[in-house]
Amino acid sequence: MRSKLILLGIISLMASFSIGAEELPAPQTTGGKPLMQMMSERKSSRDYKENQTVSKQDLSNMLWAAWGITHDGKRTIATAMNRQELVLYVVTPTEVSRYNPEANTLTVINTGDYRKFAGMQDFAFIAPINIVLAVDTKKQDKVEFQAYTAGAASQNIYLYCAQAGLKTVVRAGFDRDNLPQVLKLPSNERILFVQTVGK
């Protein structure tokens with residue numbers, strides 16, 4: 001009887017670690033518009049329609065574009081000294097999640113609509129996706145390198161959105177008091193930008 005209880009406890013504990021982890025569709029890493037065309041179409045947009053959605057496939061593709069793994073453990077962007085300090089969070093109308101590029105999953109951190117903390121302008125409150133670009137300051141403590149990493153990831157999101165027919169804009173304005181709490185941000189992580197995506 002005792003061994004059964006121990007086994008049930010172990011199973012319960014293992015299950016608790018996987019609760020809230022959603023596997024995204026495999027990113028589509030081929031096809032799309034030519035690079036030069038995407039660069040010519042890349043732009044910032046601040047007019048978003050309410051009650052629009054972004055597909056899980058598009059979300060998977062853009063997260064991979066920003067911070068995915070390509071080959072031999074390499075990333076879709078370069079980082080100074082290969083510190084790989086970027087951390088991505090996704091804020092939607094229903095939840096806040098952390099992106100795990102190795103498993104291509106989103107792990108739920110908070111449930112509910114916290115978009116009001118992801119921006120200072122109204123469009124951020126109605127767009128379906130706000131991607132938080134944060135960095136692990138233990139991995140990289142130089143601010144200029146952190147900013148380069150986040151900027152490179154942001155540009156890849158811009159390019160993906162240009163070819164997918166999505167609107168996007170990156171911003172440094174967000175609720176600096178409440179957003180870290182909503183994300184349950186560890187003390188070693190710092191938010192640099194938030195990028196809004198929608199239609």
Side-chain angles (χ1 to χ4, degrees), residues 20-22 24 27 44-46 48 52-54 56 58-69 75-77 79 83-141 143 145-161 166-199:
E22 175 191 1
L24 292 167
S44 294
S45 299
R46 293 173 177 81
Y48 297 86
Q52 298 294 308
T53 60
V54 170
K56 294 291 185 183
D58 275 326
L59 180 58
S60 177
N61 291 354
M62 77 178 73
L63 292 173
W64 179 85
W67 193 226
I69 297 171
R75 302 286 183 150
T76 51
I77 61 168
T79 58
R83 294 289 175 83
Q84 299 193 7
E85 71 271 21
L86 189 67
V87 184
L88 297 182
Y89 294 88
V90 179
V91 181
T92 73
T94 59
E95 62 194 27
V96 177
S97 304
R98 181 183 172 114
Y99 178 55
N100 180 344
E102 289 80 10
N104 193 40
T105 58
L106 287 173
T107 300
V108 175
I109 296 168
N110 250 319
T111 56
D113 189 351
Y114 293 100
R115 290 176 294 175
K116 64 182 179 181
F117 300 132
M120 307 299 288
Q121 296 163 294
D122 289 349
F123 65 78
F125 311 156
I126 64 170
I129 299 288
N130 284 282
I131 298 174
V132 180
L133 297 108
V135 290
D136 184 336
T137 59
K138 284 185 179 177
K139 291 183 178 180
Q140 177 58 264
D141 62 353
V143 175
F145 293 158
Q146 296 172 2
Y148 165 77
T149 296
S154 171
Q155 178 71 339
N156 277 11
I157 294 171
Y158 265 105
L159 293 174
Y160 178 77
C161 287
L166 295 170
K167 297 177 180 179
T168 190
V169 62
V170 69
R171 303 169 284 97
F174 54 88
D175 188 327
R176 294 180 181 273
D177 293 325
N178 288 302
L179 186 58
Q181 294 183 43
V182 166
L183 299 178
K184 300 181 181 177
L185 212 67
S187 60
N188 58 297
E189 289 184 13
R190 172 176 172 242
I191 301 170
L192 292 185
F193 308 108
V194 179
Q195 188 147 352
T196 300
V197 178
K199 297 177 181 177

>> Restricting to non-hydrogen atoms, name the atom on P128 and the atom on T53 that form the minimum distance, rounded to 0.1 Å.
In response: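 Here P128 and T53 meet closest at CB-CA, 4.2 Å.
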>> Ignoring hydrogens, what is the shortest heavy-atom contact between I109 and V182? Give both atom names and the distance.
In response: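 Reported closest heavy-atom pair: CG2-O, 3.9 Å.
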Does any N or O in the side chain of [X] come within less than 3.5 Å of the main-chain N or O of [Y], such that one atom is a donor and the other an acceptor?
X    : Y    : value
N110 : G112 : no
N61  : Y160 : no
R115 : I126 : yes
R190 : V135 : no
K199 : V54  : no
T79  : Q84  : yes
N156 : A65  : yes

>> Side chains of T137 and Q146: any donor to acceptor distance under 3.5 Å?
In response: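 Result is no, nothing qualifies.
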> Can S97 and E22 be counted as having a side-chain donor-acceptor contact under 3.5 angstrom?
Replying inline: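 Note: S97 and E22 side chains miss the donor-acceptor criterion.
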> Quick one: is the NZ or CZ of R176 closer than 6.0 Å to the six-membered ring centre of F174, and within 45° of its axis?
Replying inline: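 Output yes; distance and angle both within limits.
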>> Strictly by ring pair (Phe, Tyr, Trp, His ring centres under 6.0 Å), give each pair with a member in residues 84-121 just once, sequence neighbours left out.
In response: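 Sorted pair list comes back empty.
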>> I'd like to know whether L133 forms a side-chain contact (heavy atoms from CB on, under 4.5 Å) with L88, so could you lay out the CA-CA distance, the side-chain angles of the two residues, the decisive distance to 0.1 Å, and finally the verdict.
In response: CA-CA 5 Å; L133 297 108; L88 297 182; 4.0 Å; yes
How about [X] and [Y]: do any of their side-chain heavy atoms sit closer than 4.5 Å?
X    : Y    : answer
F123 : R171 : yes
V197 : L59  : no
I157 : V170 : no
T92  : I129 : yes

First locate atom [atom1] of [X], then atom [atom2] of [Y], and finally report the distance between them rounded to the nearest 0.5 Å.
X    : Y    : atom1 : atom2 : answer
T168 : M62  : OG1   : CE    : 7.5 Å
I69  : E102 : CD1   : CD    : 4.0 Å
N130 : K116 : CG    : NZ    : 14.0 Å

> With sequence neighbours excluded, what pairs up with A147 under the side-chain contact (heavy atoms from CB on, under 4.5 Å) test?
Replying inline: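 By the side-chain contact (heavy atoms from CB on, under 4.5 Å) rule, A147 matches no residue at all.
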>> Pair T76, W64 - check side-chain contact (heavy atoms from CB on, under 4.5 Å), show working.
In response: CA-CA 7 Å; T76 51; W64 179 85; 3.8 Å; yes
> Taking only residues two or more places apart in sequence or in another chain, which ones pass side chain to side chain donor-acceptor pair (under 3.5 Å) with K138?
Replying inline: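 For K138, no residue satisfies side chain to side chain donor-acceptor pair (under 3.5 Å) once neighbours in sequence are set aside.
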>> Set out, in order, the CA-CA distance, both residues' side-chain angles and the distance that settles side-chain contact (heavy atoms from CB on, under 4.5 Å) for Q181 and D175, then state yes or no.
In response: CA-CA 10 Å; Q181 294 183 43; D175 188 327; over 6 Å; no
> So T149 and E85, side-chain contact (heavy atoms from CB on, under 4.5 Å) or not? Walk me through it.
Replying inline: CA-CA 8 Å; T149 296; E85 71 271 21; 2.7 Å; yes
